[in-house]
Amino acid sequence: MVGIVMVSHCNLAPELHKTLETVMGVQQHIESVGLHPGESKENFKLRVVEAVSRVDRGRGVLILADLFGGTPCNACFELIGSELRNARIDILTGLNLPMAVKACRARHVKSLKELVSVVKKAATEGVMSYAEMLVE
């Protein structure tokens with residue numbers, strides 16, 4: 001199973017994690033780490049490394065980040081180039097509930113590379129316009 005770590009500004013990832021488990025039940029090998037206001041990037045990175053080590057079961061770890069270019073995402077990029085350079089990790093940005101649900105459903109049967117592909121698709125397909133649905 002591919003491990004999952006959700007990262008975000010403030011409490012977005014921890015609250016999304018709670019929501020995910022409300023929808024799907026308790027999930028194993030998933031962690032969430034929010035960057036608290038005033039927290040140093042170094043402390044946040046330490047918490048991410050700890051989360052990755054707890055969820056990694058040898059098939060890789062998918063990090064879902066809230067915002068490309070934001071501090072949580074950039075901190076993870078830095079970790080892949082340093083402390084986590086030997087780990088099998090990929091990062092997807094734009095964290096939302098549809099992608100988290102798909103990641104949890106598919107991670108048991110997909111490789112990390114395959115999981116990235118299906119989660120990216122779920123992230124975009126999860127954005128719907130009610131008005132457009134009426135027209136179709």
Start with the C-alpha distance between Val5 and Val7, add both sets of side-chain angles, then the distance that settles side chain to side chain contact (heavy atoms under 4.5 Å, CB included), and finish with yes or no. CA-CA 6 Å; Val5 176; Val7 300; 3.9 Å; yes
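- In plain terms, the two heavy atoms of His36 and Asn11 that are nearest each other are CE1-OD1, 4.3 Å.
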For a side chain to side chain contact (heavy atoms under 4.5 Å, CB included) check, start with the C-alpha distance between Glu50 and Glu31, then their side-chain angles and the critical distance, and finish with the verdict. CA-CA 10 Å; Glu50 291 169 351; Glu31 298 264 337; over 6 Å; no
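- Other residues, nucleotides and ligands place more than 12 heavy atoms under 6.0 Å from the CZ atom of Phe77.
- Checked options Ser32, Pro72, Pro14, Cys73; the residue passing with Ser8 is Pro14 (criterion: side-chain contact (heavy atoms from CB on, under 4.5 Å)).
- Contact detail for Leu12 and Asp66: the closest heavy-atom pair is CD2-CB, 3.7 Å.
- With values rounded to the nearest 0.5 angstrom, Met1 atom CE is found 8.5 Å from Gln27 atom CD.
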Stepwise salt bridge (charged side-chain N to carboxylate O under 4.0 Å, His left out) check, Lys18 with Glu15: CA-CA 5 Å; Lys18 289 180 193 174; Glu15 291 300 322; 3.1 Å; yes
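- Met99 is not connected to Leu67 by any chain of hydrophobic side-chain contacts under 4.5 Å among Ile, Leu, Val, Met, Phe, Trp and Tyr, and they are in different clusters.
- In this structure, Glu78 and Glu83 have side chains that are not in contact, with every pair of non-hydrogen atoms separated by 4.5 Å or more.
- Cluster annotation: Val49 is connected to Val33 through the hydrophobic network of ILVMFWY side chains, with a link wherever side-chain heavy atoms come within less than 4.5 Å.
- Note on Leu95: it does not cluster hydrophobically with Val55, by side-chain heavy-atom contacts below 4.5 Å among ILVMFWY residues.
- Note that the CG atom of Leu64 and the CG atom of Leu16 stand 9.0 Å from one another [nearest 0.5 Å].
- Rounding to the nearest 0.5 Å gives a distance of 10.5 Å between CZ of Arg59 and CZ of Arg107.
- Note that CZ of Phe68 is 7.5 Å distant from CG of Asn74, once rounded to the nearest 0.5 Å.
- Between the NZ atom of Lys45 and the OG atom of Ser82 there is a distance of 5.0 Å, given to the nearest 0.5 Å.
- By the criterion of side-chain heavy atoms lying less than 4.5 angstrom apart, applied directly or through intervening Ile, Leu, Val, Met, Phe, Trp or Tyr residues, Leu84 is not grouped with Met6; the two fall into different hydrophobic clusters.
- Following chains of ILVMFWY side-chain contacts shorter than 4.5 Å, one cannot reach Leu46 starting from Val61, and the two form parts of different hydrophobic clusters.
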Could you give the side-chain donor-acceptor pairs of residues 113-125 under 3.5 Å, partners two or more places apart or in another chain?
unit_1: Glu114; atom_1: OE1; unit_2: Ser111; atom_2: N; d: 2.8
unit_1: Glu114; atom_1: OE1; unit_2: Ser111; atom_2: OG; d: 3.3
unit_1: Thr124; atom_1: OG1; unit_2: Lys121; atom_2: O; d: 3.1

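- Proximity of Val48 to Leu79: side-chain heavy atoms (C-beta onward) are separated by under 4.5 Å at one or more points.
- Val127 shares a hydrophobic cluster with no other residue; no ILVMFWY side chain has heavy atoms under 4.5 Å from its own.
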Might you work through the side chain to side chain contact (heavy atoms under 4.5 Å, CB included) test for Arg105 and Met24, ending with a clear yes or no? CA-CA 9 Å; Arg105 286 188 176 150; Met24 297 189 67; 3.6 Å; yes
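- Note that CG of Leu62 and CD1 of Ile30 are 9.5 Å apart. Values are rounded to the nearest 0.5 Å.
- Nearest heavy-atom pair across Ala65 and Ile91 is CB-CG2, 4.3 Å.
- At most 12 heavy atoms of other shown residues, nucleotides or ligands fall within 6.0 angstrom of atom NZ in Lys102.
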